[in-house]
Amino acid sequence: MPSLALAALRSAGRHRKPAACRQLHAHLLKTGVLSRSPFPSALLGSYANSGLLFDAHHLFDEFPYRDAVLYSSYLSALSHSDRPSQVLCHFRRMVSVDAVPPDGFIFATLVKTCSRLGSLRLGKQVHAQFLLSSFHEDDVVKSSLVDMYSKCGAVDDARKVFETIPVKNHVCWTAMLSGYASNGRRAEALELFSQMPQRDLIAWTALLSGFLQSGDSFSAVRLFVEMRRGEVEIDDAFVLSTVVGASSDLAALQLGRQLHGLVLTLGYESSMILGNALVDMYAKCSDINSARAVFEGLALRDVISWTTMVVGEAQHGRAEDAFNLYDQMVRAGVKPNEVTFTGLIYACSHAGLVQKGRYMFDSMEQEHGISPTLQHYTCLLDLLSRSGHLAEAENVIDSMPYVPDEATWGALLSACKKHGDTLMSIRVADKLLGLTPKDPSTYILLSNTYAAAGKWDCVSRVRRLMVDMEIKKQPGYSWIDLGKESRLFIAGEVPHSMRQEIIRLLNELTIEMKKRGYVPDTTSVMHNLEEDEKEQQLFLHSERLAVAFGLLKSVPGKTIRVVKNLRVCVDCHNVLKLISGITAREIVVRDANRFHHFEGGKCSCGDFW
DNA sequence: TTAGGGTTAG
């Protein structure tokens, strides 16, 4: 009978059945076997797995004796929880109060905790203790060390530990593989992958996800195609979620649609996580209506489902929809998290809803107990400064409990420029320059600010810094995907094969635009050029080339979707509005910051971006 | 009782 109870307990934990765990707890108490090993640790583990961390705490605290096995279960449950740092307090208690020395199980859990905390320093301390212990040959601990070093970015240290494992199993191979791939060490990842004795689905997923994490979404998609050609059976939703994430990143709508089809074919449409990934994919691929349709079809929605949709609506400029969703979410009893509020304040910021944004910022802490992070302050500052409340925005920086970073000062500086406050923009630019920024766009912003104020000595200082730090202005490029054909356009470079057609169309459109009052706005061109040269530069901005290509090549009447790596400039924004009116076509542009839906001469952002 | 792969912002 006890073995049946044990099997039931493990099953309840594995299948996350909290009610069953509690019933079994009562049963174990009644039959008097609760204190008999391995019931205490098994029950504790099942409680933790089923999300009943409070019951697990209670069981642990009330237990008459706490040995290494019980500690092991408990620390493991804490290491997987959302507060892994609690492991450390209980570890100290284990050693000092209960005088239990750590064994291999405990070491593995400690290393896992360091990995979750992202603390390399602590990880090295635990590693040193492990080497001094009598468990120093434990391969499971070594595997966890490989994973910890990989996740903390110390890939070479991971490799050193990896080499000391005499018989390598799937787990340590995958940990090492993931380390190389997620830290951008592509060649070594592929080399290791080719050496693996067996490549299971987890290894493929790790490699694919590693590429995605290191920003190489193209490789991730290529790898998925290669995987599909082989004999690996997709029997869980992990790899699909990852590759759907890659198509979001690439804004590859056609690919995303195909993957959605595959998800349905393979029967994973009920996976919430995959559903969340699809919602995000459609939103990021500019098809917000499909995102909404997938969201409405989700059988179960967690905070990530709601937040993904809220953020999607916000980035598409549909602030009212974002807030309606938020109200529904709260009514449905789902507790918002810090990301939800980033999305909501962002929605206000991009719709000029200053009062509402201030209110959301306050309610985050007062009504939901979420302390604002630096990012929330930056969002608030962005909202205030964009709307012209520059002094109040600067005041946010002075009063917030964080040191402002490049993004914070950058947001304020953009707003100063927009509102023509030269004195303040110089003051902010000086602060920003003192931070030695990393982002090329910050240098462009600084250079433009100083140039506009005629501070040429500062302009040359910024230029020198760019040369010294080998910072290059990122060329603007736009990408258009017409299904059968996709094309990349770089600013100033018209593809030879279509040169005449594209230039002719843009010229014709310019004539019509001028009839409708278009005057080129060259303020965003930074070089000291003559006015007509500046206009020529604008004329060849990549998004215009891509839209022209779309107008020439796509099915008439179909929405034209373009992705741009930088922000759309003021002049292109005016031009795209006009083109959408002249050609009666909907044009959707995803730029570095948000989405613009141009239709009938207007943009969904209300010129507020 | 311990170790590998998945979804939201930036």
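All chains are named by letter (A, B, ...) in the order of the sequence lines, taking the proteins before the strands, and each is independently numbered beginning at 1.
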Please check the phosphate of [N] (OP1 and OP2 only) for any side-chain N or O of [X] closer than 4.0 Å.
X        : N      : answer
A:Lys112 : B:dG4  : yes
A:His350 : B:dA9  : no
A:Ser178 : B:dG4  : no
A:Gln315 : B:dG10 : yes
A:Lys168 : B:dA3  : no
A:Lys151 : B:dG5  : yes

What nucleic acid atoms does [X] come within less than 4.0 Å of, heavy atoms only: base, sugar-phosphate, or nothing?
X        : answer
A:Thr307 : base
A:Asp139 : nothing
A:Ala42  : sugar-phosphate
A:Gln213 : sugar-phosphate
A:Arg10  : sugar-phosphate
A:Asp103 : nothing
A:Ser72  : base
A:Val339 : base
A:His376 : nothing
A:Leu201 : base

Taking only the side-chain heavy atoms of [X] (C-beta and beyond), determine which of [options] contains the nearest atom.
X        : options             : answer
A:Ile202 : B:dG6, B:dG4, B:dT8 : B:dG4
A:Phe238 : B:dG4, B:dT7, B:dG6 : B:dG6
A:Ser209 : B:dA9, B:dG5, B:dT2 : B:dG5
A:Asp147 : B:dT2, B:dA9, B:dG4 : B:dG4
A:Ala108 : B:dT7, B:dT2, B:dG5 : B:dT2
A:Asn337 : B:dG6, B:dT1, B:dT8 : B:dT8

Polar pair under 3.5 Å, donor/acceptor by atom type, side chain [X], base [N]:
X        : N     : value
A:Ser143 : B:dA3 : yes
A:Asn169 : B:dA3 : yes
A:Asp200 : B:dG5 : no

Ring centres under 6.0 angstrom apart ([X], [Y]):
X        : Y        : answer
A:Tyr65  : A:Phe63  : yes
A:Tyr74  : A:His90  : yes
A:Phe211 : A:Phe218 : no
A:Phe193 : A:Trp204 : yes

I'd like to know if A:Asp61 pairs up with A:Arg93 as an ion pair, taking the criterion as any Lys NZ or Arg NE/NH1/NH2 lying under 4.0 Å from an Asp or Glu carboxylate oxygen.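 Yes.
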Please determine whether the number of non-hydrogen atoms from other residues, nucleotides or ligands lying under 6.0 Å from atom CD of A:Gln195 exceeds 12. yes
